[in-house]
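The structure appears below as structure tokens.
Chain identifiers are assigned alphabetically (A, B, ...) following the order of the sequence lines, protein sequences preceding nucleic acid strands; residue numbering begins at 1 within each chain.
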2 protein chains.
Amino acid sequence: MFGELDPLLLSQLRLAVMSYLVVTREAEFNVLKEKTGSTAGNLSVQIAKLQEAGYISVEKTFRNNYPLTICRITAAGVQAFESFFEDLKGYLEPDEKSPELD
Amino acid sequence: MFGELDPLLLSQLRLAVMSYLVVTREAEFNVLKEKTGSTAGNLSVQIAKLQEAGYISVEKTFRNNYPLTICRITAAGVQAFESFFEDLKGYLEPDEKSPELD
DNA sequence: CAAATTTACTTTATAATATAAAGTAGTTTG
DNA sequence: CAAACTACTTTATATTATAAAGTAAATTTG
């Protein structure tokens, strides 16, 4: 089951990040950390994966001499997010094919 | 005594930094930290003072996603460093005026 | 001149992210 | 089912920065 769902979004934290960004479009690392309640290390890793997939872009700068990381959702990210939920709907409203039970 | 000496160079750590930079011209934060044996916090503060005085320029970037701080000595810095030692010589070879002893 | 301030330097703690290592869990394989 | 692999999470440590606290030296004050 869940065979078709985008594995990159099938993760609590990554999905939370994407859900937030799909609305706000962009957010600072710290904000994402607070909103998702994740640890910095974990968030850093998951952000890197979303970036690698092209779902978000990441800008690293400095603010008041401290490192500042800003994340923005990309068109591909929005697309992937929407597809994810359409795929999900497929599970909620099953068609003629009955799902295989193992 | 020591009335004329540049107060910005009359500091163990700042002088050590300048002494190193006057030879190498530029150095990374970490290298300065090792060479001077200082703590990161202290070095950060003293670098800021040298920069404020225009004796060094500071570039902040990222290397392998980690913050990287590069310090470079400026012409004014070289000038100040040389003047400092000329002033010092004045104390080693006193002229006709005898120093005031308090 | 001794006490009280002030000033400056240093250390220590904490902030903002990143990577690496270690722990956990779920899944696949033999 | 035990062994191995995956993936996610937490924890420790890496880079620097600022703020707070400690120390010391110099200067003002009474």
- Send over the distance from B:Q46 CD to D:dA17 P, rounded to a whole Å. 12 Å
- Using heavy atoms to find the nearest nucleotide of DNA chain C for A:V58 and B:G41 separately, return the residue whose nucleotide is more 5′. B:G41
- Do the non-hydrogen side-chain atoms of B:R25 and B:V78 ever get within less than 4.5 Å of each other? yes
- Query: What pair of heavy atoms forms the shortest contact from A:A40 to A:F29, and how long is it?
  - Reply: O-CZ, 3.5 Å
- Query: Could you give the distance from CG (B:L13) to CG (B:L32), rounded to the nearest 0.5 Å?
  - Reply: 9.0 Å
- Message: So A:V17 and A:C71, do their side chains get closer than 4.5 Å, heavy atoms only?
- Response: no
- Message: Within the 4.5 Å heavy-atom criterion, are A:V31 and A:Y20 side-chain neighbours or not?
- Response: yes
- Item | Contact residues, residues 59-67 of chain B to DNA chain D [heavy atom, < 4.0 Å] | B:K60, B:Y66, B:P67
- Same cluster (ILVMFWY, side-chain, under 4.5 Å), A:F85 and A:V22: yes
- Query: NA contact type, A:T39, heavy-atom cut-off 4.0 Å: base, sugar-phosphate, or nothing?
  - Reply: base
- Interatomic distance where CD belongs to B:E28 and P belongs to D:dA14 [whole Å]: 16 Å
- Message: Of the listed nucleotides (D:dC8, D:dT15, D:dA17), which one gets closest to any side-chain atom of B:F29?
- Response: D:dA17
- Interatomic distance, OG1@B:T61 vs CG@B:L68, rounded to 0.5 Å, equals 4.5 Å
- Contact boundaries on DNA chain C for chain A, cut-off under 4.0 Å to non-hydrogen atoms: C:dA15 to C:dT19
- Base, sugar-phosphate, or nothing: which does A:L68 touch, judged by heavy atoms less than 4.0 Å apart? sugar-phosphate
Distance-only check: which donor-acceptor pairs under 3.5 Å involve side-chain atoms of residues 43-59 of chain B, not counting sequence neighbours?
from: B:Y55; atom 1: OH; to: B:D6; atom 2: OD2; distance (Å): 2.5
from: B:E59; atom 1: OE1; to: B:R72; atom 2: NH1; distance (Å): 3.1
from: B:E59; atom 1: OE1; to: B:R72; atom 2: NH2; distance (Å): 3.2

- Looking for any heavy atom pair under 4.0 Å, which part of the strands does A:S44 touch: base, sugar-phosphate only, or nothing? base
- Query: In whole angstroms, how far is the P atom of D:dA7 from the CZ atom of A:R14?
  - Reply: 10 Å
- Item | Under 4.0 angstrom between B:N30 side-chain N/O and D:dT15 OP1 or OP2 | yes
- What integer distance in Å separates B:L10:CG from D:dA25:P? 14 Å
- Task: Using atom CG of A:L15 as one end and atom C1' of D:dA7 as the other, report the distance to the nearest whole Å.
- Result: 16 Å
- Validation row: B:S19, B:F81 side chains within 4.5 angstrom (heavy atoms): yes
